[in-house]
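Whatever order the structure lists ligands and atoms in, that order sets their numbers, starting from 1.
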Amino acid sequence: MLCGTEAIREALVNHAEAFSGRGKVHIIDPVFRGYGVIFSNGERWKVLRRFSVATMKDFGMGKRSVEERIQEEAQSLVEELQKSQERVHKEIDQVIGAHRPPALNDRAKMPYTEAVIHEMQRFADLIPIGVPHMVTKDTQFRGHMIPKGTEVYPILSSALHDPRYFEKPYTFNPDHFLDASGALKKNNAFMPFSVGKRICLGEGLAYSELFLFFTTILQNFSLASPVAPEDIDLTPRKSGFGRFPQTYQIQFLPRQ
Ligand code: HEM
């Protein structure tokens with residue numbers, strides 16, 4: 001188990017090649033049988049990773065077209081949610097007028113929104129024990145000899161709740177990602193997508209979606225809960241390989 005920000009970074013970034021193997025996930029392995037970019041190893045993984053990155057680039061990842069597609073998706077989600085309140089909307093449209101959808105280059109000017117999204121990902125801690133790695137060769141690490149083939153779990157939760165990097169690790173607080181002047185602050189322990197050679201391949205896409213969906217929804221609605229805030233139970237429904245939240249009721253209140 002790799003616990004804590006430094007241990008995870010030292011292994012997955014400083015010894016990136018040695019720790020780039022994929023360990024076994026026993027309930028999933030019989031399905032994937034070592035195929036697919038997530039569960040493959042060696043030359044097969046290298047080829048698949050290069051192929052996947054190239055394919056995503058061909059499909060326009062990081063280009064304007066993907067941004068537009070996500071905006072459309074976000075917009076249609078908003079439209080779904082707005083259907084029952086069409087009258088209110090007409091009124092809003094007449095009084096306020098049409099708004100342009102949020103765009104990715106707004107991010108730089110929205111440090112607080114960015115901090116909230118970072119904090120949501122940190123607090124949600126979706127993949128607490130990470131996806132197992134495997135050392136590809138005998139490796140000296142922090143005075144220990146780790147034999148080739150050893151499975152290594154980067155405990156992402158230990159970084160996302162590292163008290164040396166987050167003042168109140170178990171409290172939702174966007175200030176964790178803001179400096180004194182209100183600018184977005186990089187935090188080395190923020191690694192919901194992991195780090196190093198096997199870092200999530202969809203990081204850019206997932207983050208773009210989170211930003212565009214979140215800002216599009218909040219541009220159009222205020223969110224509320226029918227339950228008093230102090231009665232909301234934040235204990236996850238299940239916590240194992242994934243950390244699944246409970247089911248909540250949420251109110252989308254169209255903004256005036
Ligand atoms: C919020 C959403 C997501 C989170 C939190 C997340 C997190 C992760 C994590 C922790 C890993 C393991 C990294 C490691 O082995 O150290 C991973 C791997 C991976 N993710 Fe994601 N992911 C997300 C969305 C996506 C999306 C949208 C895609 C596809 C477009 C994607 C594709 C992959 C792939 C292909 C790998 C395996 C990379 C490899 O083994 O080389 N992920 N992800």
Side-chain angles (χ1 to χ4, degrees), residues 1-5 7-25 28-29 31-63 65-67 69-70 73-74 104 114 116-136 139 141 150-161 187-215 236 239-245:
M1 300 286 165
L2 289 170
C3 267
T5 310
I8 295 175
R9 284 200 168 272
E10 200 177 320
L12 303 196
V13 179
N14 301 357
H15 298 267
E17 181 65 35
F19 282 86
S20 69
R22 173 66 73 218
K24 286 197 177 307
V25 182
I28 299 176
D29 276 3
V31 180
F32 284 88
R33 287 175 295 151
Y35 289 94
V37 61
I38 302 184
F39 296 104
S40 53
N41 269 308
E43 200 46 35
R44 184 187 289 161
W45 169 68
K46 285 189 178 148
V47 170
L48 278 173
R49 176 112 190 170
R50 274 199 299 272
F51 171 79
S52 306
V53 170
T55 308
M56 287 176 83
K57 277 198 185 128
D58 289 347
F59 276 118
M61 194 172 94
K63 293 193 199 131
S65 60
V66 163
E67 180 177 357
R69 250 172 271 153
I70 301 172
E73 242 182 274
L104 286 180
E114 286 262 79
V116 171
I117 298 171
H118 277 66
E119 184 66 351
M120 285 191 307
Q121 281 209 280
R122 187 194 73 79
F123 193 78
D125 190 14
L126 273 184
I127 309 179
I129 59 169
V131 182
H133 281 230
M134 189 179 67
V135 280
T136 55
T139 303
F141 182 70
T150 306
E151 280 182 18
V152 178
Y153 281 78
I155 309 296
L156 302 181
S157 193
S158 68
L160 297 177
H161 294 96
N187 190 318
N188 249 354
F190 181 70
M191 50 177 84
F193 298 102
S194 188
V195 286
K197 273 188 183 275
R198 285 266 187 173
I199 190 171
C200 173
L201 207 122
E203 178 189 15
L205 181 63
Y207 198 86
S208 300
E209 291 196 335
L210 283 173
F211 179 81
L212 293 174
F213 272 81
F214 184 65
T215 48
S239 189
F241 180 65
R243 199 165 174 275
F244 301 100

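- Taking atom 11 (C) of ligand 1 as the reference point, the nearest protein heavy-atom neighbour is V131 CG2, 4.0 Å.
- Looking only at heavy atoms of the protein, atom 7 (C) of ligand 1 is closest to I127 CD1, 3.5 Å.
- Summarising the geometry of A124 relative to R243, their closest heavy-atom pair is O-NH1, 3.1 Å, with the distance given to 0.1 Å.
- Ligand-side atoms of ligand 1 in range of W45: 39 (C), 40 (O), 41 (O), range being under 4.0 angstrom from any heavy atom.
- Around atom 39 (C) of ligand 1, the closest heavy atom drawn from R49, K46, H133 belongs to R49.
- Per-residue contacts place L156 under 4.0 angstrom from the following atoms of ligand 1 (heavy atoms of the residue considered): 10 (C).
- For the pair K46 and E43, the salt-bridge criterion is not met [side-chain N within less than 4.0 Å of a carboxylate O].
- Using a 4.0 Å cut-off to heavy atoms of S194, the atoms of ligand 1 that qualify are 13 (C), 14 (C), 16 (O).
- Within 6.0 Å of the CZ atom in F241, the count of heavy atoms belonging to other residues, nucleotides or ligands exceeds 12.
- A ring-centre distance under 6.0 Å is not found for F193 and Y207.
- Of the protein's non-hydrogen atoms, R198 O, 3.1 Å is the one closest to atom 13 (C) of ligand 1.
- Atom 1 (C) of ligand 1 has Q121 NE2, 3.7 Å as its closest protein atom, hydrogens excluded (heavy atom only).
- Taking only non-hydrogen atoms, the option from G196, S208, G204, P192 nearest to atom 5 (C) of ligand 1 is P192.
- The single protein non-hydrogen atom nearest to atom 35 (C) of ligand 1 is V37 CG1, 3.3 Å, given as residue, atom name and distance.
- Within the listing of ligand 1, atoms 30 (C) sit less than 4.0 angstrom from a heavy atom of M56.
- Between I8 atom CD1 and S194 atom OG the span is 7.5 Å, to the nearest 0.5 Å.
- Y35 carries R44 over the face of its six-membered ring, with the cationic atom under 6.0 Å from the centre and within 45° of the normal.
- Checked by atom type, the side-chain pair T5/N188 shows no donor-acceptor distance below 3.5 Å.
- Side-chain contact between F32 and I38 is absent, with no heavy atoms from C-beta onward closer than 4.5 Å.
- Heavy-atom distances between V195 and ligand 1 stay at or above 4.0 Å for every pair.
- Annotation: side chain of F211 is in contact with side chain of E114 (closest heavy-atom distance under 4.5 Å).
- Between S40 and L48 the shortest heavy-atom distance is OG-CD1, 3.7 Å.
- Atoms of the protein (N, O or S only) found under 2.8 Å from atom 21 (Fe) of ligand 1 are C200 SG.
- Between H133 and R22 there is a side-chain heavy-atom pair separated by less than 4.5 Å.
- At a threshold of 4.5 Å between non-hydrogen side-chain atoms, the residues F141 and V135 do not count as touching.
- Looking at K197 against ligand 1, nothing comes within 4.0 Å, counting heavy atoms.
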